Amino acid sequence: MFSAIARIFRTPDLRRKILFTIGIIALYRLGSNVPAPFVNFPNVEQCLAANAGTDGLLGLVNLFSGGALLQLSIFALGVMPYITATIITQLLRVVIPHFETLHKEGQAGQSKLTQYTRYLTIALALLQSSTLVTVARSGQLFGTTEVAACNNLLTNDVWWAQLLIIMAMTAGTGLIMWFAELVTERGIGNGMSLLIFTSIAATFPAAMWSIWEAKGFEVFLLVLLIGLVVMAAIVYVEQSQRRVPVQYAKRMVGRRTYGGTNTYIPIKVNMAGVIPIIFASSLLYVPMLLAQFNTPTDGSEPAAWVTWILTNLATGDQPLYMLVYFLMIIGFTYFYVAITFNPVEVADNMKKYGGFIPGIRAGRPTAEYLDYVITRITFPGSLYLGVVALIPLIALATVQANQNFPFGGASILIIVGVGLETVKQIDAQLQQRHYEGLLR
């Protein structure tokens with residue numbers, strides 16, 4: 001392993017790519033800690049020290065921004081506008097035929113879809129930054145808290161100051177997109193994924209230190225052991241796949257013979273990634289948001305439905321919250337896989353090029369067989385996602401650890417997934433220049 005790492009830095013091209021990627025990541029982390037204009041940073045630090053406002057969707061968004069959201073930095077929005085825009089663009093392929101046509105046009109169509117995604121990212125950044133500034137100005141960014149500093153997060157709340165903050169945060173989102181594209185083109189690849197990896201990894205030391213301080217060395221060691229087991233299980237499942245065999249018949253084109261090869265269609269156990277967890281967290285945050293806005297501020301008794309939501313769906317240590325969260329993840333996993341994997345399209349492409357699954361007729365029977373396989377393999381994949389997502393909530397209910405438990409939920413899935421993909425890319429680039437790669 002050490003000799004392989006040494007070969008990486010002895011290879012000039014690969015060394016230059018890695019150092020360039022590290023430089024971009026350093027700039028990204030620097031921008032995540034630079035406060036936006038007219039932000040009262042000492043007051044923000046006092047609110048962060050009170051550990052308020054880190055639950056639900058707000059905590060998830062803050063996790064993806066590497067803690068920059070609650071710091072009101074110029075990179076406060078992080079990569080979430082781009083992630084949301086990408087998901088919306090994928091969903092629009094089902095609704096708008098033009099998007100599906102562009103998806104099938106190859107490189108030119110993909111470039112057009114990427115351009116649409118960029119425009120949508122800037123639009124979402126404007127919307128989200130406006131909402132963030134409005135919530136920060138109202139003093140509700142950190143939820144219900146008795147810290148007086150949380151009500152004075154801005155040094156100047158006139159309209160032009162708020163507009164300048166919105167412009168700074170939107171420009172920060174555009175800069176993050178540019179950083180990601182630079183890493184993809186001139187670095188080691190997977191630019192946006194690496195920035196997400198960096199944002200989440202940056203929160204790990206603080207989360208582990210808070211567990212050590214609050215619960216002692218024994219719980220800290222227990223969390224580390226759980227983390228190793230969870231990471232090993234995630235690596236095993238993420239690498240697992242069902243390989244559907246495919247044979248291509250021989251065909252003559254002129255004097256040449258094409259086809260006659262055997263290959264397979266790799267169907268991963270977890271084809272949906274972390275998207276179902278993000279969807280479920282977002283929807284579960286809506287009832288709590290409605291209850292928060294309908295809670296009386298004069299000290300009077302809230303409505304019955306508000307009390308029920310605050311009792312059962314406001315925090316992750318409630319059994320009903322866990323059950324609904326688990327079921328929603330299963331449902332969204334099937335929904336997202338059905339959108340992203342089209343058995344009819346795969347069967348048509350196989351038939352067009354003379355491919356067939358042994359024992360299955362080409363055309364509609366192949367599509368039905370693929371649909372049967374994907375339905376069966378998605379079930380254990382959805383259960384796996386639900387169990388991993390519940391790990392932080394179970395930790396909160398049992399040992400009262402921080403809800404942003406570092407070894408569970410979307411964070412550990414992204415950390416392991418991006419880490420595996422990055423190692424594979426470095427290994428592939430190393431094998432282009434040496435007979436041996438990073439992995440053996």
Side-chain angles (χ1 to χ4, degrees), residues 28-85 121-176 199 202-203 206 278 281-282 284-297 310 314 402-404:
Y28 174 63
R29 290 305 304 158
L30 176 64
S32 299
N33 292 279
V34 175
F38 301 107
V39 171
N40 193 334
F41 194 66
N43 286 1
V44 172
E45 286 186 318
Q46 291 184 33
C47 293
L48 288 173
N51 291 325
T54 57
D55 295 339
L57 180 63
L58 192 63
L60 183 66
V61 176
N62 189 53
L63 178 69
F64 277 99
S65 66
L69 175 73
L70 296 181
Q71 292 181 4
L72 296 177
S73 71
I74 57 175
F75 287 171
L77 303 180
V79 297
M80 282 304 291
Y82 183 83
I83 294 175
T84 308
T121 300
I122 298 300
L124 290 173
L126 282 170
L127 177 62
Q128 294 179 12
S129 58
S130 303
T131 305
L132 180 61
V133 171
T134 303
V135 175
R137 181 173 175 267
S138 66
Q140 295 293 322
L141 178 62
F142 291 87
T144 304
T145 176
E146 297 179 356
V147 181
C150 296
N151 297 320
N152 298 290
L153 298 178
L154 305 181
T155 58
N156 194 342
D157 59 354
V158 296
W159 68 268
W160 57 267
Q162 297 181 50
L163 181 62
L164 187 59
I165 299 174
I166 293 171
M167 292 175 60
M169 291 182 176
T170 305
T173 301
L175 190 59
I176 290 173
S199 299
T203 64
I278 297 175
S281 300
S282 303
L284 269 179
Y285 188 69
V286 173
M288 187 176 70
L289 191 64
L290 293 175
Q292 182 178 349
F293 281 122
N294 287 275
T295 301
T297 57
L310 294 177
N402 186 6
Q403 181 155 353
N404 290 329

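Fair warning: this is a prediction, and the values are worked out from it, not measured in the lab. We use all heavy atoms of the structure for the numbers below, so side chains are in, but hydrogens, waters and symmetry mates are not.
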List the atom pairs, with distances to 0.1 Å, where a side-chain N or O of residues 75-85 and a protein N or O form a donor-acceptor pair under 3.5 Å, not counting sequence neighbours.
| unit_1 | atom_1 | unit_2 | atom_2 | d |
| --- | --- | --- | --- | --- |
| Thr84 | OG1 | Met80 | O | 2.8 |

- For the atom pair CD (Gln162) and CG (Leu132), what is the distance rounded to the nearest 0.5 Å? 11.5 Å
- Message: Quick check for you: to the nearest 0.5 Å, what is the distance between Ile74 atom CD1 and Ile165 atom CD1?
- Response: 13.0 Å
- Message: Nearest 0.5 Å, please: how far is CZ in Phe38 from CG in Leu163?
- Response: 10.5 Å
- Taken to the nearest 0.5 Å, the spacing of Thr155 OG1 from Phe41 CZ works out to 13.5 Å
- Residue pair Ser130 / Leu126: nearest heavy atoms and the distance that separates them: OG-O, 2.7 Å
- Query: Can you check whether Pro35's main-chain N or O pairs, donor with acceptor, with Ser73's side chain at less than 3.5 Å?
  - Reply: no
- Note on the structure: With sequence neighbours left out, the residues meeting ring-ring contact (aromatic ring centres under 6.0 Å, His included) with Trp159 are none
- Pairwise distance CD1(Ile166) to OG(Ser129) - rounded to 0.5 angstrom: 5.0 Å
- Looking only at non-hydrogen atoms, find the nearest pair between Leu154 and Val39 and report the distance. CD2-CG2, 4.3 Å
- If you look at every heavy atom in Ala36 and Met169, which pair is closest and at what distance? CB-CE, 4.3 Å
